[in-house]
Amino acid sequence: MSKDLIIWAIGLWIIVFLLAGQAVATVLLGAGIVGIFLWVGPGVFNGILAQDAFYTASTYTLSIIPLYLFMAQLLLKGGVIVDLYRVGHRLAGYRRFPLGVATLLTGGLLGAVSGSGTASAAALATLAGPELQRVGYTRPFSVALTAIAGSLSVIIPPSLLIMIYGSLTEVPIGHLFIGSIGPAVLCMLVYVGCLYFLGDIDEEAAARSALSVAEQRGEGATPRAVSAFLFVIILMFVVFGGIYGGVVTVGEAGALGAFAAFVGMVAMGRVGFRDIAAALVDSVKVTAMLLILMIAAQIFSRFMSFSRLPTELLHFAEPLVANPTMLILVLMLGLFIAGTFLEEVTTIVLAIPIIMPMVQAAGVDVIWFGVMTCFVISLGLLTPPVGLVAFSAATAARTPAGPVFRPCMVFSSIAAFVVVIAMMTFPEIATWLPSHLN
Amino acid sequence: MTAMRFWKSVGVLEWWLAAAGAGSMLFIMMMVTVISVAGRYFLHMDLIPGAYNIVERVIFPLLVFWGLPLAHREGMFPRLETLADTQPPRRRAFLAAFVTLVEVGLYAVFLWYVTKFTWASFASGRTMQIGASYLPLWPVLVPMPLAVALMLLQMGRTLYHYVRAMFGLEEMAAPLGATESGAV
Amino acid sequence: AEFIISTALGKPHLWVGAHMDPFADAIEKASNGDITFTRFYAGELSAVGRELDSLTSGTIQVAAPLLAPYHEGLFPLSDVTQLPTYGTTSPMVTRAFQKLLDSDQELKDGKTFYEYEISSKGIHAWALGATAAYSISTAKKVLKEPGDFAGVPLRAGSALHTIMLEKLGSTPVTMPGSAAFEAASRGTIEGLVIAISDWPSYSLQQVMRHSIVDVSIGHWESYLAVSDAMWNELTEEQQKLWDKTAREIALTNAEQWESRVDTVKEASIKDDGGSFVSINDLSPAMKQHIDKAAADTWTAWIERTEANGHPARATAKLYAELIQAEGGKLPDGVAEYLAK
Ligand code: NA
Ligand code: NA
């Protein structure tokens with residue numbers, strides 16, 4: 001088989017099995033195994049398959065993932081999300097726009113202690129969805145807003161995507177975390193702006209819901225809710241303060257955060273033995289699932305290295321490399337599109353080996369690039385056909401996903417445009433904070 | 001032992017590996033790090049020498065490979081659910097059977113090589129470095145072929161059901177929901 | 001014929017830019033294109049510590065370098081150059097290590113050093129240019145008296161460093177060089193044992209301020225390695241060319257390691273307020289403390305490695321002779337211990 005033919009065959013393999021619904025990890029494993037077999041023969045499997053499997057699962061930087069997952073799981077199981085929303089609701093009352101903002105802020109706060117968007121979105125959809133509808137937003141828009149708020153968990157650090165980017169590129173994860181604070185805040189502001197100008201309002205329903213003055217002030221925020229709210233704020237400071245203050249590494253911050261959440265939730269009587277066990281098992285399952293994906297991607301990227309495709313592409317992209325601005329714009333557009341069709345972790349593990357040589361050749365700051373890449377890919381959580389966060393919000397709210405996707409699409413496209421342009425014009429948004437890290 | 005009881009005990013084994021095995025590894029990993037940090041700042045000493053190596057070479061791999069079979073069984077591996085899921089049941093069963101057959105083949109190759117590596121590491125006394133000492137690597141490697149074998153077993157079982165569904169002998173299972181197959 | 005040459009290190013590393021690339025260039029040129037290389041960098045095909053697996057499985061044909069110390073426990077005697085010495089430079093260690101590889105002195109079961117470490121593994125190997133001397137450097141804490149070492153977490157790059165750091169009274173933390181910067185800037189480690197010329201590879205000049213020099217916590221050596229399968233494909237003439245080129249490039253590589261030390265030091269003093277204190281300017285108690293730890297490291301390494309069944313004593317003795325012949329000095333008491 002000619003070399004070109006092998007590359008085409010493997011490309012076809014990926015497309016066919018992805019569309020046929022095979023697990024992404026299996027698709028990559030298959031493309032890697034078959035590709036290597038055709039390119040160099042099965043002899044090299046002895047040096048690749050088992051070693052890549054074991055030593056990928058034996059990587060310190062990846063071991064921090066389950067710690068952050070465990071922290072988030074404990075807070076979720078401890079019902080903190082309900083309380084966060086209650087406090088926000090109390091402050092906003094039953095006024096439409098403030099309640100929308102409160103929903104976004106709840107998502108943001110939750111995001112600062114959690115790395116997974118689907119769980120946040122599902123919880124917010126059942127919790128905040130009906131309330132948003134009550135103040136006059138249409139049902140699809142209400143659910144979409146909770147999905148958007150939930151997706152902030154992936155945009156705001158700590159973020160799974162960032163941990164994976166950092167471990168693939170050996171860029172310090174702490175710097176990436178701190179660097180993405182600026183763009184995440186900007187993204188939230190964009191969402192608030194979008195909400196103000198583009199909120200879908202059901203005028204009739206809004207007028208119909210004549211509320212008493214007492215009701216206007218919203219539900220009571222119990223001391224229990226306030227204490228949970230304060231606890232999350234403290235936890236946020238433990239994690240980010242620890243990293244920013246140069247006290248602990250990002251892995252240690254994860255362990256301390258998880259431990260603090262564990263002690264806090266137990267002390268407040270919010271979790272029992274069963275919840276803790278469930279939180280551990282859930283975190284472990286997600287970690288295992290991510291790692292098999294990383295292992296498969298590693299084996300696939302061995303085939304890519306043999307084929308020298310990234311090097312050829314680099315050659316092909318030389319005019320772009322000479323013009324970094326153009327290169328970044330093209331890459332971001334590509335990643336945004338890839339993110340809409342592919343699952344986010346898949347996108348990043350597939351894209352990084354191909355694009356990093358170009359990015360490095362163009363002399364682009366890898367922290368800045370990583371922050372932007374993770375941001376753009378994470379917007380894919382909101383876009384069809386594979387917008388997991390939007391899906392999970394719609395599923396939780398028992399609403400058809402189609403109409404929910406529309407506002408999600410609009411918000412995320414605007415955010416992508418504004419944040420990317422802003423980051424390119426003022427790179428300091430992502431680089432200033434990390435450059436002052438101790 | 002009946003087939004039913006066999007699958008049940010496999011399920012129980014997978015659950016215990018994940019819950020008692022991997023779950024406790026996660027808890028231990030958290031505590032090891034917390035104790036290390038506390039020792040560093042409050043006692044100015046390293047309470048767990050070699051903690052970094054222990055986490056990287058022992059705790060984390062055990063966590064991953066013990067958790068893997070359960071994550072697989074529960075259908076948590078992300079997949080693209082667009083085209084295949086919209087097909088009528090019989091065609092969906094055919095597609096699923098085909099895809100799973102290929103998957104079984106791939107994991108069989110994978111199992112062969114991870115087992116070979118584990119055995120070779122045992123036979124040649126491959127070591128890992130923890131602090132200043134060298135310890136045998138094979139005890140940490142064994143869960144890897146075990147995990148792949150358990151997954152393969154599960155795949156074989158699903159394949160059997162898909163083939164039956166293909167011939168209309170049983171109902172095709174519903175596609176997995178979006179939330180069940182997402183990584184983030 | 002075309003061969004795959006692979007490194008797990010990045011292009012800026014001296015074992016890549018000043019060894020692998022010039023070596024591959026030289027061979028391609030001198031063989032008139034009969035030997036050509038496809039070059040893979042930064043662990044694309046074979047990661048750190050996995051080079052031997054990659055060579056024997058045919059994934060790659062040349063490892064440049066094969067990082068022996070990262071093959072946890074597989075090259076037990078190759079760590080010998082990491083034993084602490086005084087007054088050694090990179091070229092001195094490189095020559096001594098080349099002689100060790102060439103030596104026909106039998107160490108155990110009739111096997112020479114080369115036969116024990118290399119031949120049995122299905123590869124052929126040559127010395128690289130040894131790194132410059134490894135030094136103890138710290139970020140904030142100044143190490144002045146023996147007590148200053150107590151409980152201070154310092155990064156060890158190898159098993160031998162862990163022994164030395166334990167003997168000094170500090171707590172060794174093992175991690176790869178790439179993790180050292182973050183750990184050092186967070187206080188997970190207070191400092192590390194590394195070649196000063198290697199600082200730029202890991203951005204360490206930004207955090208390291210205080211270094212103790214003129215004592216070497218050993219030099220890292222490693223191998224340019226080819227699989228037997230590839231070696232047997234070469235003609236006798238090509239093998240000769242290979243051997244000659246490998247030896248020459250190792251020595252020019254060593255010169256570059258040594259000259260970079262001064263460049264990095266000067267930049268650190270000028271830009272980052274770095275200070276480099278000679279062991280000879282430390283208090284007598286401190287000097288004695290370090291000297292004792294250095295000597296104890298020899299005995300501890302020999303005893304531990306012998307306990308695992310490897311001829312460490314004979315190896316150390318042979319290396320000690322070779323490095324002394326180059327003008328290096330041993331810590332007090334080591335010569336007597338080896339003579340026993
Ligand atoms: Na987050
Ligand atoms: Na998407």
Side-chain angles (χ1 to χ4, degrees), chain A residues 17-26 29-30 33 45-46 49-51 53-54 57-60 62-63 66-67 70 115-118 122 154 160-161 248 251-252 255-256 258-259 277 280-281 283-293 342-346 381 385-386 388 391-392 395, chain B residues 18-19 22-27 29-34 36-37 41 52 55-57 59-61 63-68 70-72 74 76-85 95-96 98-99 102-103 106-107 109-110 113-114 116-118 140-141 144 175 177-179 181-184:
Chain A
F17 283 101
L18 271 184
L19 289 180
Q22 196 173 49
V24 178
T26 312
L29 186 70
I33 287 180
F45 286 160
N46 282 315
L49 293 186
Q51 285 89 334
F54 179 73
S58 179
T59 304
Y60 187 84
L62 290 173
S63 74
L67 294 168
F70 185 46
S116 154
T118 40
V154 188
L160 268 179
L161 286 182
V248 288
E252 291 165 347
L256 289 183
F259 184 69
L280 283 169
V281 175
S283 314
V284 161
K285 283 191 300 194
V286 174
T287 307
M289 174 269 283
L290 285 170
L291 261 290
I292 190 81
L293 194 56
L342 290 170
E343 194 272 333
E344 283 56 43
V345 177
T346 312
L381 288 165
V386 195
L388 289 177
F391 255 128
S392 96
T395 311
Chain B
S24 59
M25 282 303 126
L26 174 50
F27 196 81
M29 184 160 91
M30 175 181 85
M31 291 315 297
V32 163
T33 312
V34 169
S36 290
V37 174
Y41 281 104
Y52 188 95
V55 165
E56 180 172 69
R57 279 288 180 275
I59 301 179
F60 188 53
L63 182 160
V64 170
F65 291 114
W66 280 341
L68 201 49
L70 189 65
H72 174 253
E74 296 187 355
M76 287 183 64
F77 292 9
R79 54 191 204 94
L80 200 73
E81 61 270 283
T82 43
L83 208 69
D85 293 349
L95 257 182
F98 170 63
V99 155
V102 171
E103 190 168 46
L106 289 169
Y107 274 82
V109 173
F110 194 43
Y113 283 97
V114 294
K116 204 169 150 189
F117 176 69
T118 305
V140 194
L141 290 176
M144 181 166 65
T179 46
S181 57
V184 288

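Note: hydrogens, waters and symmetry copies are ignored here, and every other heavy atom, side chains too, is used. Below, read A as the first sequence line, B as the second, and so on, with proteins coming before strands; counting in each chain starts at 1.
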Output yes when a side-chain donor or acceptor of A/Gln22 lies under 3.5 Å from a complementary backbone atom of B/Val102, and no otherwise.
no

Part of [X] lying under 4.5 Å from any heavy atom of chain B:
X	value
A/Ile33	side chain
A/Val24	both
A/Thr26	both

Under a 4.5 Å heavy-atom cutoff, which of [options] has the most pairs with chain A?
options	value
B/Met29, B/Met144, B/Arg57	B/Arg57
B/Tyr52, B/Phe117, B/Phe110	B/Tyr52
B/Val114, B/Leu68, B/Leu26	B/Leu26

Salt bridge (charged side-chain N to carboxylate O under 4.0 Å, His left out) partners of B/Glu103, counting only residues at least two apart
none

Measuring heavy-atom distances to chain A, does B/Met31 have an atom under 4.5 Å in its side chain, in its backbone, in both, or in neither?
side chain

Measure B/Val64 against the heavy atoms of chain A and call it side chain, backbone, both or neither at under 4.5 Å.
both

Would you please classify the geometry between the B/Phe98 ring and the A/Phe17 ring as parallel, tilted or perpendicular, with 30° and 60° separating the classes?
parallel

Audit row: B/Phe60, B/Phe65, ring pair (Phe, Tyr, Trp, His ring centres under 6.0 Å) steps and yes/no:
CA-CA 9 Å; B/Phe60 188 53; B/Phe65 291 114; 9.2 Å; no

Could you tell me which residues satisfy side-chain hydrogen bond (donor to acceptor under 3.5 Å, both in side chains) with B/Ser36, sequence neighbours excluded, listed by chain and number?
none

